[in-house]
Amino acid sequence: MVTIKDNCARSEKLKGKHTLVSKTTVIAIAGASASGKSLFASTVYHELVEELGSDGIAILAEDAYYRDQSHMTMEQRVLTNYDQPSAFEHDLLLQHIQQLRREEGVDMPQYSHTTHTRLQESIRVAPAKVIMVEGILLLTDPALRQEFDIAVFMDTPLDICLLRRIKRDIEERGRTLQSVTEQYEQYVRPAFFDHIFPSKQYADLVVTRGGQNEIAIDIIKTKIRQLLAE
Ligand SMILES: Nc1ncnc2c1ncn2[C@@H]1O[C@H](COP(=O)(O)OP(=O)(O)O)[C@@H](O)[C@H]1O
Ligand SMILES: O=c1ccn([C@@H]2O[C@H](COP(=O)(O)O)[C@@H](O)[C@H]2O)c(=O)[nH]1
């Protein structure tokens with residue numbers, strides 16, 4: 001039975017959701033570092049592009065909106081805390097989401113996790129009916145949350161995330177085992193408990209087992225197919 005309380009809770013949740021007034025649907029994919037956010041988003045994207053073509057869907061990465069640090073020495077960059085909200089230019093990400101909603105293209109910055117700073121070149125992102133945004137702290141920001149029509153949280157166990165992060169950061173991000181473990185203990189793990197885990201409450205869909213959960217991938221693909229057909 002649906003009670004008045006349920007209805008109030010539902011209308012509270014729908015406040016700020018844009019599905020009924022905007023032609024664009026924005027899907028957030030959040031969760032711990034190395035929980036499988038990028039893999040999940042890119043799997044959904046590539047499988048749908050193969051099926052339907054690339055016009056209707058775009059991806060934004062929160063990582064692309066890390067602050068430019070080109071004015072800092074490498075030593076200073078290595079010591080930065082990249083797991084707190086102030087590390088990101090969320091204002092710019094918000095602005096880009098709103099521009100895409102207005103059917104304006106945006107220049108998404110590019111960021112290097114190896115040099116810890118923004119690259120000179122940006123990537124042009126064209127407006128699309130469905131925008132997927134993936135990143136660790138997306139659901140911690142009230143202004144960004146207002147923009148998300150659907151919020152997904154990747155609920156991968158933290159020990160699995162750590163193992164994957166060690167492998168990825170050494171193989172792809174130019175790190176040593178020592179640098180990964182020091183950064184993890186000092187910043188990454190505390191940020192999970194202070195910011196990321198508490199933001200799970202804002203998710204509509206919680207995905208276990210990470211970026212290869214076929215059922216969850218299928219659910220999001222079905223929803224996107226439906227939106228693109230409208
Ligand atoms: N289910 C999985 N099985 C095996 N490896 C995975 C799985 N999900 C992600 N990975 C690997 O773990 C690493 C982190 O995944 P990624 O999607 O980049 O995480 P995130 O975007 O959340 O940081 C990548 O190297 C990725 O290929
Ligand atoms: O210069 C940087 C910027 C970020 N990081 C780490 O990256 C992760 C977020 O990226 P995921 O792809 O979600 O793992 C974050 O935990 C930062 O610690 C970095 O090491 N250096």
Side-chain angles (χ1 to χ4, degrees), residues 19 24-66 88 93 96-97 100 106 108-114 122-140 144-145 147-173 188 192 196-197 199-200 202-230:
T19 319
T24 309
T25 298
V26 183
I27 304 175
I29 300 157
S33 170
S35 59
K37 304 177 297 294
S38 314
L39 184 63
F40 187 86
S42 65
T43 304
V44 168
Y45 178 83
H46 286 113
E47 290 185 6
L48 283 175
V49 164
E50 203 166 294
E51 190 183 310
L52 306 167
S54 63
D55 280 355
I57 320 165
I59 302 186
L60 296 180
E62 186 192 35
D63 280 16
Y65 295 83
Y66 270 118
F88 292 95
L93 173 58
H96 281 182
I97 293 172
L100 289 166
V106 300
M108 177 172 71
Q110 283 200 80
Y111 187 84
S112 165
H113 286 84
T114 308
S122 50
I123 294 180
R124 189 73 184 162
V125 179
K129 211 163 174 186
V130 175
I131 313 282
M132 285 190 280
V133 193
E134 60 92 5
I136 53 173
L137 295 180
L138 293 175
L139 301 184
T140 67
L144 281 176
R145 280 204 305 271
E147 294 295 329
F148 301 142
D149 301 289
I150 301 170
V152 178
F153 188 91
M154 306 302 290
D155 202 12
T156 309
L158 216 47
D159 56 342
I160 304 285
C161 295
L162 174 58
L163 289 174
R164 289 184 185 152
R165 178 163 169 136
I166 292 170
K167 188 168 182 296
R168 181 197 61 193
D169 283 8
I170 292 173
E171 287 175 3
E172 296 170 25
R173 296 186 178 178
V188 182
F192 177 77
I196 301 172
F197 183 73
S199 76
K200 179 175 155 182
Y202 301 109
D204 300 298
L205 186 66
V206 174
V207 176
T208 53
R209 297 192 307 282
Q212 288 175 342
N213 182 325
E214 293 296 337
I215 302 290
I217 289 169
D218 220 49
I219 288 171
I220 293 295
K221 276 170 58 185
T222 303
K223 181 70 190 167
I224 293 177
R225 263 191 223 105
Q226 190 190 325
L227 289 163
L228 294 180
E230 276 170 8

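- Between the side chain of Lys200 and the main chain of Ala30, no donor-acceptor pair closer than 3.5 Å is present.
- The closest side-chain heavy-atom distance from Glu134 to Asp63 is not below 4.5 Å.
- One distance of note links CD of Glu147 with CG of Leu138; it measures 12.0 Å at 0.5 Å rounding.
- Exactly one of Thr24, Val26, Leu60 qualifies for a side-chain contact (heavy atoms from CB on, under 4.5 Å) with Leu100. That residue is Leu60.
- Ser122 approaches Pro109 most closely through the heavy-atom pair CB-CA, 4.1 Å.
- Every residue two or more places apart in sequence or in another chain was checked for a ring-ring contact (aromatic ring centres under 6.0 Å, His included) with His46, and none qualifies.
- Between the CD1 atom in Ile196 and the OG atom in Ser33 there is a gap of 7.5 Å [rounded to 0.5 Å].
- For the pair Lys223 and Thr25, the minimum side-chain heavy-atom distance is 4.5 Å or more.
- Residue Thr140 holds its OG1 atom at 9.5 Å from OH of Tyr202, rounded to the nearest 0.5 Å.
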**Report entry** Pair Glu230-Lys129, salt bridge (Lys or Arg N to Asp or Glu O under 4.0 Å): steps then yes or no
**Finding:** CA-CA 10 Å; Glu230 276 170 8; Lys129 211 163 174 186; 5.5 Å; no
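- Nearest heavy-atom pair across Phe153 and Ser199 is CE1-OG, 4.1 Å.
- Using cut-offs of 30° and 60° on the angle between ring planes, the pair His96 and Tyr65 is perpendicular.
- Side-chain contact check for Ile224 versus Leu52: every heavy-atom pair is 4.5 Å or farther apart.
- At least one side-chain heavy atom of Leu205 sits less than 4.5 Å from a side-chain heavy atom of Ile220.
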Report task. Might you work through the side-chain contact (heavy atoms from CB on, under 4.5 Å) test for Arg225 and Glu51, ending with a clear yes or no? Result -> CA-CA 10 Å; Arg225 263 191 223 105; Glu51 190 183 310; 2.6 Å; yes
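- Classified by interplanar angle (parallel below 30°, tilted 30° to 60°, perpendicular above 60°), the ring pair Tyr111/Tyr66 is tilted.
- Going from atom CG of Leu144 over to atom CD1 of Ile97 covers 5.5 Å, rounded to the nearest 0.5 Å.
- With a 4.5 Å cut-off on side-chain heavy atoms, Val133 and Leu93 count as touching.
- Here the shortest heavy-atom pairing between Met154 and Gly36 reads CE-O, 3.9 Å.
- Of all non-hydrogen atoms in Ala128 and Ala58, the two that sit nearest each other are CB-N, 3.8 Å.
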Query - Residue pair Phe148, Leu139: steps toward the side-chain contact (heavy atoms from CB on, under 4.5 Å) verdict - result: CA-CA 9 Å; Phe148 301 142; Leu139 301 184; 3.8 Å; yes
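- A search for salt bridge (charged side-chain N to carboxylate O under 4.0 Å, His left out) contacts involving Glu171 returns Lys167, not counting sequence neighbours.
- Val44 places none of its side-chain heavy atoms less than 4.5 Å from the side chain of Ile29.
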Ignoring hydrogens and angles, write down the donor-acceptor pairs under 3.5 Å from the side chains of residues 207-217, residues two or more places apart or on other chains.
residue, atom, partner, partner atom, Å
Asn213, OD1, Ile215, N, 3.3
Asn213, OD1, Ala216, N, 3.1
Asn213, ND2, Thr208, O, 2.8

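- For the atom pair NZ (Lys221) and OG1 (Thr43), the distance works out to 9.0 Å, reported to the nearest 0.5 Å.
- Annotation: the span from Leu158 atom CG to Ser35 atom OG amounts to 9.5 Å, rounded to 0.5 Å.
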